Participant: 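Right, I'll just put the structure down here and ask away after.
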Amino acid sequence: MNKVSQEIMGLLGISLGLDQAYFKDFFEQNDSILRLNHYPPCQKPELTLGTGPHTDPTSLTILHQDQVGGLQVFADEKWHSVAHIPGAFVVNIGDTFMALTNGIYKSCLHRAVVNTETVRKSLAFFLCPKLERRVTPAAGLVNAANSRKYPDFTWAALLEFTQNHYRADMKTLVAFSKWVQEQESNNKLIP
Ligand code: OGA
Ligand code: NI
C-alpha cells in the first residue's frame, strides 16, 4: 500500500508541474494508518449512517470495500454510490493533501450507508506524513492567482485535533486552521 500510494504521489506531483520526486520525497518516511471498518446490519438504515459525511483528514486514502457496497461520494450536489468493483481500490484525496497543494486538489466528501441484511467491511490505508514533518504547500503552488490558503501545521497537530477536539466533517480543514491560529496567538501571549 505504501508503494502504491508513493507511485500515485509521483503522478499527482507531475500533474501539478512539480518534480515526480517532490511528494515521493515528502512521504518517503510516513506515519500512515491502516483501518478496518466493520458496519453491522441495521434494522432502520434510513435513520442512520455507518460513517457520517466527512473528508479524510489524512493525505491520500486507498480503500478496499467488500461486495456489499455502501460508500457514497458527494459530487454535483448529489450523493453517488461507489460500486464495488472486484480487485479495484477507491482512491481519494484527503485534507492534508489539499493543504499541501494550497487547495488545488480538493479533499473528497464521502460517507458510508448501512443496510438491513449484511455486515459490511472495508479496509482503508491512509497515507499520512511523518508526524512532526511540516505541512506547507510547494512554493510554485502559491502565487498571486492562488494566495496562501492554510497555515503550516504538522500531521501530529491535525491528528490530535481530529481525535480530541473535533469530529471530522466537511469543514475540518477550515476549523483546524482557525484552531492553529488561535493556538499560535495564545502562545504569543505567554511570556
Ligand atoms: C473512512 C471511510 C468509508 C467506507 O474510513 O474514512 O470513509 O466505505 N470509510 O468504509
Ligand atoms: Ni473517510
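Residues take their numbers from the sequence shown, with the count starting at 1. Quick caveat: nothing in here was measured; it's all calculated off a predicted structure.
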Participant: Does atom CD1 of Ile85 have more than 12 heavy-atom neighbours, drawn from other residues, nucleotides or ligands, at distances under 6.0 Å?
Facilitator: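 At most 12 heavy atoms, drawn from other residues, nucleotides or ligands, come within 6.0 Å of this atom.
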
Participant: Do Thr51 and Tyr39 come close enough that some side-chain heavy atom pair is under 4.5 Å?
Facilitator: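 Yes, close enough: below the 4.5 Å cut-off.
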
Participant: Let me confirm one number: the CG-CG distance from Asn102 to Asn143, rounded to the nearest 0.5 Å.
Facilitator: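 Reported value, rounded in 0.5 Å steps: 8.0 Å.
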
Participant: Backbone N or O of Cys108 within a donor-acceptor pair of the His110 side chain at under 3.5 Å?
Facilitator: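 A pair under 3.5 Å: yes.
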
Participant: So, does Asn115 use its side chain to make a donor-acceptor pair with the main chain of Pro45 at under 3.5 Å?
Facilitator: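 No; zero donor-acceptor contacts below 3.5 Å.
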
Participant: Can you tell me how far apart OG1 (Thr96) and CG (Leu158) are? Round to the nearest 0.5 Å.
Facilitator: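 Answer rounded to 0.5 Å: 4.5 Å.
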
Participant: State the CG-CZ distance between Leu63 and Arg35, to the nearest 0.5 angstrom.
Facilitator: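 Answer for the CG-CZ pair, Leu63 versus Arg35, is 9.5 Å.
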
Participant: Taking Lys171 first and then Asp169, would you say they form a salt bridge - that is, a charged N and a carboxylate O separated by under 4.0 Å?
Facilitator: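 A salt bridge is present here (some side-chain N lies under 4.0 Å from a carboxylate O).
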
Participant: Where the side chain of Lys106 meets the backbone of Gly103, is there a donor-acceptor pair that is under 3.5 Å apart?
Facilitator: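 The answer is yes, because a donor-acceptor pair under 3.5 Å joins these two groups.
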
Participant: Looking at Gln183, I'd like to know if its CD atom is crowded, meaning that more than 12 non-hydrogen atoms belonging to other residues, nucleotides or ligands lie closer than 6.0 Å.
Facilitator: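 Yes, CD of Gln183 has more than 12 neighbouring heavy atoms, counting only those of other groups under 6.0 Å.
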
Participant: Do Leu100 and Ile104 sit in one hydrophobic cluster, given that two such residues count as connected whenever their side-chain heavy atoms are within less than 4.5 Å of each other, even indirectly?
Facilitator: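 Yes; tracing contacts between hydrophobic side chains, which count when under 4.5 Å, links both residues.
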
Participant: Hey, is the main chain of Arg167 close enough, under 3.5 Å, to the side chain of Thr162 for a donor-acceptor pair?
Facilitator: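 Not confirmed, Thr162 side chain does not pair with Arg167 backbone.
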
Participant: State which residue, out of Asn92, Asn2, Ile8, Val90, fulfils the side chain to side chain contact (heavy atoms under 4.5 Å, CB included) condition with Ile62.
Facilitator: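 Filter result, single survivor: Ile8.
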
Participant: Quick one: OG1 on Thr58 to CG on Leu60, what's the gap to the nearest 0.5 Å?
Facilitator: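 So the OG1 of Thr58 and the CG of Leu60 are separated by 8.0 Å.
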
Participant: Got more than 12 heavy atoms from elsewhere within 6.0 Å of CD, Glu182?
Facilitator: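 Above 12, so yes.
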
Participant: Say whether Leu49 and Trp79 are linked into one hydrophobic cluster, either directly or through other cluster members, by side-chain heavy-atom distances under 4.5 angstrom.
Facilitator: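 Different clusters.
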
Participant: Would Leu127 and Leu11 show up in the same hydrophobic cluster when neighbours are defined by side-chain heavy atoms closer than 4.5 Å?
Facilitator: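 As far as the 4.5 Å side-chain criterion goes, Leu11 and Leu127 are not connected within one cluster.
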
Participant: For Lys130, what residues pass the salt bridge (Lys or Arg N to Asp or Glu O under 4.0 Å) criterion, not counting sequence neighbours?
Facilitator: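 By the salt bridge (Lys or Arg N to Asp or Glu O under 4.0 Å) rule, Lys130 matches Asp31.
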
Participant: When you measure from the side chain of Thr55 to the backbone of Gly94, do you find a donor-acceptor pair of N or O atoms at a distance under 3.5 Å?
Facilitator: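 It does not hold such a pair.
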
Participant: For residues Met98 and Val142: do they belong to one hydrophobic cluster (side chain heavy atoms under 4.5 Å, members Ile, Leu, Val, Met, Phe, Trp, Tyr)?
Facilitator: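 They do not share one cluster, since no chain of ILVMFWY contacts under 4.5 Å joins Met98 to Val142.
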
Participant: Set out, in order, the CA-CA distance, both residues' side-chain angles and the distance that settles side chain to side chain contact (heavy atoms under 4.5 Å, CB included) for Arg148 and Thr136, then state yes or no.
Facilitator: CA-CA 10 Å; Arg148 188 67 199 268; Thr136 192; 3.7 Å; yes

Participant: Below 4.5 Å, heavy atoms only, C-beta onward: do Ser59 and Phe27 meet side chain to side chain?
Facilitator: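 Counting from C-beta outward, Ser59 and Phe27 do come under 4.5 Å.
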
Participant: Does any part of the side chain of Pro41, heavy atoms only, come nearer than 4.5 Å to the side chain of Thr118, both counted from C-beta?
Facilitator: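 Side chain of Thr118 against side chain of Pro41, heavy atoms only: no contact under 4.5 Å found.
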
Participant: State plainly whether the residues Lys121 and Asp66 are in salt-bridge range, i.e. N to O under 4.0 Å.
Facilitator: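 So Lys121 does not pair with Asp66 through a salt bridge.
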
Participant: Could you walk me through whether Leu12 and Met9 pass the side chain to side chain contact (heavy atoms under 4.5 Å, CB included) test, one step at a time?
Facilitator: CA-CA 5 Å; Leu12 289 171; Met9 278 297 147; 4.0 Å; yes

Participant: May I have all residue pairs that pass ring-ring contact (aromatic ring centres under 6.0 Å, His included) and include part of residues 84-109, sequence neighbours excluded?
Facilitator: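 Passing the test, one end in residues 84-109: Phe23-Phe97, Phe97-Tyr105.
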
